[in-house]
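What follows is a short report on a single structure.
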Amino acid sequence: MEFLAVAILVLLQRYWSGPLPLSGSINVADWLALSGRIPGSETLIYIVSVGIPAVIVWLIAESISDTLLGLLYLFSCIGVLMACINRADIAVLFDQAHQELRLLDDEQDLMSAENGFAELQTVVHRQLHLDVTIYLFWCLLLGPAGPILCLFNRIYCDQLEADSDLVLSDELASSSVAERPHTFPMKVQYWLEWPPARGNIMIMMFVGQFNAGWKVLSESLLDFQGAALEWLVRAYHSGVVREDYDGLQDFKAKQVAYLDECEQFLNRQCMGWIGFAAVFAIFD
């Protein structure tokens with residue numbers, strides 16, 4: 001059932017217009033505010049804030065897994081994924097990039113335009129990873145409880161960062177990380193992101209250039225400190241290579257071809273996620 005739910009959400013993510021139904025319907029902030037009033041240690045507050053909702057959803061999902069031939073469980077997976085995923089409208093981003101390219105008519109703006117187009121892929125993969133694929137991956141592993149765990153933990157971490165009154169320099173932050181009281185949720189967030197990022201890199205390896213992608217995947221599997229987004233961008237650039245250009249007109253022509261290849265690559269990546277989910281279903 002998880003496979004069907006993930007396959008449906010992958011297609012909706014790619015081809016739906018506008019926000020998904022139920023998107024943002026889970027009021028996490030009110031629950032975190034309520035659980036934050038509980039007297040006790042920060043560990044206890046974190047467990048109640050993040051762990052309890054995931055456990056409740058897991059228990060409910062287990063109780064309905066065999067109801068109506070599993071259809072109720074399937075609908076619960078789809079509903080939870082829709083509520084958790086903040087859809088990244090990739091088509092709009094690429095339409096904006098094409099429009100900016102058509103309006104570009106000055107050699108002096110060429111460098112800033114090139115940097116902007118290079119940043120596009122970072123934006124795309126940040127949105128896809130944090131807002132979409134992390135929920136798909138953990139739904140495959142844990143059912144509806146997986147996306148709930150990811151959603152509550154991410155918002156919990158966001159609130160910790162927003163509520164922090166002390167801004168440290170990079171050097172001071174790195175030297176005091178073990179003493180900060182909020183590092184455990186951040187570590188949980190890191191390990192929630194680690195596996196789906198590597199799964200995404202593997203998919204990009206198969207739908208892009210295998211040899212270059214394998215090198216990125218093998219290196220990422222040995223890295224337990226680097227940000228997931230950095231590896232995702234590296235994997236993407238191993239599959240879609242930008243060509244050098246000579247002058248404004250050559251840049252525009254090659255950039256159009258590059259953007260088209262980017263969209264085709266993302267389409268293949270979406271199909272790759274459906275295949276990835278099917279492998280889970282086979283061995284489940």
Side-chain angles (χ1 to χ4, degrees), residues 9 13 19-20 22-38 40-58 79-90 93 119 121-139 141-142 144-170 172-174 176-200 224-233:
L9 264 296
Q13 156 60 33
L20 294 175
L22 303 178
S23 180
S25 59
I26 301 177
N27 197 338
V28 181
D30 284 353
W31 169 254
L32 295 183
L34 179 64
S35 59
R37 301 192 187 102
I38 296 176
S41 65
E42 292 178 353
T43 301
L44 176 62
I45 293 174
Y46 173 72
I47 291 174
V48 173
S49 300
V50 178
I52 295 300
V55 171
I56 291 174
V57 172
W58 181 79
V80 167
L81 284 173
M82 283 185 175
C84 292
I85 287 175
N86 182 18
R87 180 176 177 268
D89 200 334
I90 305 301
L93 292 176
E119 182 66 18
Q121 297 311 317
T122 302
V123 173
V124 167
H125 283 287
R126 182 188 293 115
Q127 290 183 335
L128 285 176
H129 174 60
L130 291 177
D131 295 334
V132 181
T133 57
I134 186 173
Y135 300 115
L136 300 180
F137 181 90
W138 287 106
C139 181
L141 284 183
L142 302 177
I148 294 294
L149 175 64
C150 294
L151 178 67
F152 278 74
N153 192 81
R154 178 183 175 185
I155 296 180
Y156 187 92
C157 291
D158 289 345
Q159 288 192 0
L160 290 181
E161 293 180 341
D163 294 341
S164 178
D165 295 327
L166 182 62
V167 178
L168 301 172
S169 65
D170 292 341
L172 182 59
S174 62
S176 62
V177 104
E179 302 174 358
R180 295 185 65 175
H182 302 317
T183 48
F184 180 70
M186 305 296 183
K187 289 181 179 178
V188 173
Q189 181 64 27
Y190 179 83
W191 287 108
L192 287 175
E193 292 184 26
W194 197 96
R198 273 61 188 179
N200 219 342
F224 304 106
Q225 294 181 339
L229 181 62
E230 295 177 2
W231 286 107
L232 289 169
V233 173

Say whether, by atom type as modelled, one donor and one acceptor occur between the side chain of S23 and the main chain of I85 under 3.5 angstrom.
-> yes

Which pair of heavy atoms, one from C84 and one from L151, lies closest together, and at what distance?
-> SG-CD2, 3.8 Å

On a heavy-atom basis, the closest approach of G226 and Y190 is O-OH, 3.1 Å

Nearest heavy atoms of A145 and V57, plus distance in Å | N-CG1, 3.8 Å

CG/L232 to CZ/R198 distance, rounded to the nearest 0.5 angstrom?
-> 8.0 Å

Using the test side chain to side chain contact (heavy atoms under 4.5 Å, CB included), find all partners of P19 that sit at least two apart in sequence or belong to another chain.
-> none

Do the non-hydrogen side-chain atoms of P196 and W138 ever get within less than 4.5 Å of each other?
-> yes

Roughly how far, to the nearest 0.5 Å, is the CH2 atom of W58 from the CG atom of L149?
-> 13.5 Å

Supply the atom-to-atom distance Q189 CD to T183 OG1, rounded to the nearest 0.5 angstrom.
-> 14.0 Å

Look at the rings of Y46 and F184 and say which category their plane angle falls in: under 30° parallel, 30 to 60° tilted, over 60° perpendicular.
-> perpendicular

Rounded to the nearest 0.5 Å, what's the gap from CD1 on I148 to CD1 on I52? Could you check?
-> 13.5 Å

Any F224 side-chain heavy atom under 4.5 Å of W191 side chain | yes

Minimum side-chain heavy-atom gap F152-I26 below 4.5 Å = yes

Which atoms form the tightest heavy-atom contact between I45 and S49, and what is the distance?
-> O-OG, 2.6 Å

What one should report as the nearest heavy-atom pair of P185 and N153 is O-ND2, 3.4 Å

Tell me, do R154 and I134 make a side-chain contact under 4.5 Å, heavy atoms counted?
-> no

Flag side-chain contact, heavy atom, 4.5 Å: R87 against V132 | no

Which distance, rounded to the nearest 0.5 Å, do you find between the CD of Q13 and the OG1 of T133?
-> 9.5 Å

Side-chain donor/acceptor of Y135 to backbone N/O of V80, under 3.5 Å = no

Short question: side chain of W194, backbone of A228 - any donor-acceptor pair under 3.5 Å?
-> no

CG/D30 to OG/S35 distance, rounded to the nearest 0.5 angstrom?
-> 10.5 Å

